[in-house]
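For ligands, and for the atoms within them, numbers begin at 1 and follow the listed sequence. As the structure is a computational prediction, the values presented were derived from the model and not from experiment.
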Amino acid sequence: MAIEPRQPTVHMAMSRFRASLLRRASIVAWVVLIVIGGLAVRSEEFANPRFVFPAFGLAGLLVLSTATRWDRIMSTWAAPWVATGWLLGVVVAVTTIATVPALAGTAEPILFGIAAVAGLLLTWWAHAFVNVAVAMAVYQLAVASGAADTLADVVAPVVTVFVVGAATALVGFEFEKEAVTSAGKEARVLQQRLDFERLYAVSATLARAESLAEIVPHLIGTICKYLDAQVGVVLLQDADMQRLEVMSPIWVNGYPLETDPITVEINATSVVSQTYRAIKPIYVRKVEEASDSHILLRELGLKQALVAPLKVESMRVGVIVVGDPYVGDFTEDQLEQLGSLSAPAGLVLSQIGRYEAQAEMARRLEEVAQMKSDFVSTVSHELRSPLTSIIGSLDTVNRPELAPTEPTSQQLLLSARRQAGRLQRLIDDLLIVSRIDRGAIPVHPEPIFVRDLFAEINRVVSIEPTSIVQPRDLAVRADRDHVTRILINLVENAAKYAPDSPVELYGWEQSNRAVMAVVDHGPGIPDGSKEAVFDRFTQLDQSDTRSKGGTGLGLSIVKSLTEVMRGTVRVEDTEGGGATFIVELPIAVGVSTTASMPSQA
Ligand code: ADP
């Protein structure tokens with residue numbers, strides 16, 4: 001395994017506890033030694049060799065014990081031996097001191113204490129051993145004190161030693177059991193944390209990517225690293241869901257490697273196909289040379305492999321394979337980890353797959369739209385020249401000196417001229433629309449007096465609108481061709497749809513913008529259609545507009561042209577009925593009335 005959690009074992013927990021117990025026992029032993037020393041001084045036995053030698057021996061042992069790094073020793077195999085030696089040293093010293101009659105009473109409680117401590121400090125066999133030694137010491141002391149005659153005086157303390165020893169052995173046993181459980185829990189929590197961290201790392205890698213080509217090497221690389229596998233491959237199902245395709249690149253020895261297309265039939269008997277259909281990951285301990293179901297694994301040069309299905313809920317997405325070119329040392333843990341890593345992987349891969357499909361679809365739609373726009377533009381251009389010559393010919397034939405005298409012929413000729421004009425307008429509109437779609441509308445803004453614009457409109461359109469501009473020298477900053485086209489379109493619409501009403505043009509300044517309005521008193525536009533009329537091919541009354549020669553493109557062109565000049569257009573009701581189209585454009589500041597500006601396009 002590449003990364004192993006630092007698992008606290010029972011052994012470690014127990015050795016930490018025993019080391020701390022020994023340190024505390026050493027401190028208690030110092031206190032005991034000082035108390036016994038005091039007693040020896042008081043009873044004037046201080047110079048007695050049976051006190052001096054063991055007392056100094058014990059002091060030496062305790063100095064050594066203070067200098068010892070118990071944490072280290074207690075985690076080695078020597079721990080029970082060293083601890084037993086330490087306890088026996090104390091037993092011998094205390095027992096020898098107790099052979100001095102004046103100090104005889106000091107040993108017994110200390111020996112009972114040692115019998116108890118041993119239960120927590122030692123393994124069961126060392127504990128038993130120390131208990132026997134303590135019992136022998138107690139027996140010796142009893143005999144030495146001359147109490148051997150009374151059986152009870154000898155047996156009772158010995159039995160007490162064993163009872164105390166057994167009791168602490170029981171406590172020690174329970175304690176060890178508790179330590180096992182809590183160490184196990186701690187290990188599990190650590191393992192879970194590690195799993196989550198890995199899961200998070202994989203999810204974070206996945207979340208950053210935007211395309212499958214980008215994500216696959218990252219994903220497989222991260223998973224291979226966590227599972228310490230040399231080779232990793234992601235297979236995703238193809239569009240018709242019949243095959244699994246190996247995603248290139250695959251991961252080999254820490255590097256992405258481009259591969260030729262490899263596919264696996266979904267319904268085949270291979271282990272990869274089986275895993276795709278299965279719920280859980282599979283561990284192939286040994287890739288068989290002869291087995292048909294191991295073909296892909298063999299092709300990848302694997303000897304052992306972990307294979308997991310990639311799924312989102314119940315929807316299958318593909319399969320992930322990680323493996324090594326040598327036989328079986330993956331663990332069940334690794335298999336489980338692959339299972340948990342494959343869940344977020346499946347989710348993100350499927351999301352990105354879908355995202356890519358949508359992007360591809362959007363790209364194709366854009367291509368089609370572009371083709372359509374190109375087609376419209378080409379056709380319109382091609383139609384324009386013959387139509388211009390047809391109109392020219394009709395105008396010529398319509399001249400008084402050439403016009404036919406017969407009324408039916410005259411009428412037919414006039415109708416042909418009207419229809420040709422209508423066709424010309426449609427072609428012009430289509431050309432502009434295709435240019436708008438391509439974003440190919442050139443804008444050359446210049447300051448233009450609104451009154452000049454209105455005068456120009458008056459000359460061009462078939463009706464004679466009245467106009468009021470306030471202030472007189474109000475000027476817009478706009479492209480002359482575009483703004484003229486906008487106004488002609490609006491005025492001609494007014495003439496078309498409100499034929500019997502006067503049409504007025506207004507210009508004024510508002511919030512530092514130049515505002516122009518085309519007002520009629522015709523049928524107006526119902527509230528529900530006030531926005532829709534600016535959409536392409538929107539005609540409120542089909543039969544009416546057809547008869548009036550509309551294309552349904554005029555207002556959409558008005559809107560697009562206004563917007564490319566950083567302006568807005570809207571329609572409101574005229575007071576008393578009718579439509580008021582309001583165009584707002586950037587104002588041209590500092591233009592003086594006396595300045596001469598070209599008024600012709
Ligand atoms: P069209 O080529 O049909 O005139 P437009 O985009 O210029 O296309 O106008 C869209 C529709 O808005 C028209 O078909 C008409 O029904 C309605 N419309 C435009 N201007 C007016 C107006 N001044 N009064 C009433 N209806 C109008």
Side-chain angles (χ1 to χ4, degrees), residues 373 376-377 379-380 383-384 387 417-437 441 453-454 457-458 460-468 481-507 515-565 567-585:
S373 166
V376 169
S377 162
V379 170
S380 310
L383 287 176
R384 216 179 186 182
L387 192 63
R417 175 61 185 88
R418 243 197 336 271
Q419 295 304 332
R422 191 175 161 190
L423 199 55
Q424 194 177 34
R425 275 198 302 284
L426 174 62
I427 288 169
D428 281 351
D429 281 358
L430 282 176
L431 266 172
I432 292 198
V433 165
S434 83
R435 259 199 248 148
I436 288 171
D437 283 352
I441 293 281
L453 271 176
F454 286 177
I457 304 306
N458 251 324
V460 178
V461 294
S462 50
I463 55 166
E464 285 183 12
T466 58
S467 62
I468 299 174
D481 285 350
H482 297 340
V483 74
T484 310
R485 181 181 278 275
I486 289 169
L487 290 170
I488 292 177
N489 245 322
L490 294 176
V491 172
E492 284 192 335
N493 268 359
K496 251 191 311 189
Y497 300 109
D500 302 323
S501 103
V503 177
E504 297 130 29
L505 299 174
Y506 294 95
V515 188
M516 294 172 286
V518 179
V519 179
D520 70 47
H521 301 271
I525 292 177
D527 281 346
S529 305
K530 282 199 169 70
E531 288 197 5
V533 283
F534 293 100
D535 293 342
R536 275 180 200 170
F537 304 113
T538 302
Q539 296 184 314
L540 298 187
D541 180 346
Q542 299 271 341
S543 58
D544 187 38
T545 41
R546 283 276 142 75
S547 67
K548 286 176 172 144
T551 59
L553 290 171
L555 288 180
S556 81
I557 292 172
V558 164
K559 187 166 195 259
S560 302
L561 291 180
T562 321
E563 282 170 358
V564 294
M565 294 188 294
T568 58
V569 59
R570 64 181 189 279
V571 60
E572 291 179 0
D573 292 331
T574 308
E575 240 183 71
T580 297
F581 284 86
I582 300 168
V583 179
E584 280 189 33
L585 285 168

ask   = Where do L487 and F454 land on the side chain to side chain contact (heavy atoms under 4.5 Å, CB included) test, with the steps shown first?
value = CA-CA 8 Å; L487 290 170; F454 286 177; 4.1 Å; yes

ask   = Is there any N or O on Y497 that sits under 3.5 Å from an N or O of ligand 1?
value =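 Between Y497 and ligand 1 (N or O atoms, distance only) the closest approach is under 3.5 Å.
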
Pairing residues for D437 by the side chain to side chain contact (heavy atoms under 4.5 Å, CB included) criterion, not counting sequence neighbours =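 In terms of side chain to side chain contact (heavy atoms under 4.5 Å, CB included), with neighbours along the sequence ignored, D437 is linked to S373, V433, R536.
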
Within the 4.0 Å heavy-atom shell around [X], which atoms of ligand 1 are there?
X: Q539; value: 3 (O), 14 (O)
X: L555; value: 5 (P), 6 (O), 7 (O), 9 (O), 10 (C), 12 (O), 19 (C)
X: G524; value: 25 (C)

Does the pair [X]/[Y] count as a salt bridge with the N-to-O cut at 4.0 Å?
X: K496; Y: E492; result: no
X: D535; Y: K559; result: no
X: D527; Y: K530; result: yes

query = Relative to atom 1 (P) of ligand 1, which among G552, P526, G554 owns the nearest non-hydrogen atom?
reply =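 Closest candidate by heavy-atom distance is G552.
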
query = Using heavy atoms and a threshold below 4.0 Å, how should the contact between T538 and ligand 1 be classified: side chain, backbone, both, or neither?
reply =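 Contact part for T538 vs ligand 1: backbone (N, CA, C, O).
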
task = Select one of side chain, backbone, both or neither to describe which atoms of N489 lie under 4.0 Å from any atom of ligand 1, heavy atoms only.
result =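 None of N489 does.
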
Gap between atom CG of L561 and atom CD1 of I432 - 0.5 Å precision =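 Rounded to the nearest 0.5 Å, the CD1-CG separation comes out at 6.0 Å.
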
task = Determine, using heavy atoms of K496 and all atoms of ligand 1, whether some pair is separated by less than 4.0 Å.
result =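 Contact check K496 vs ligand 1: positive.
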
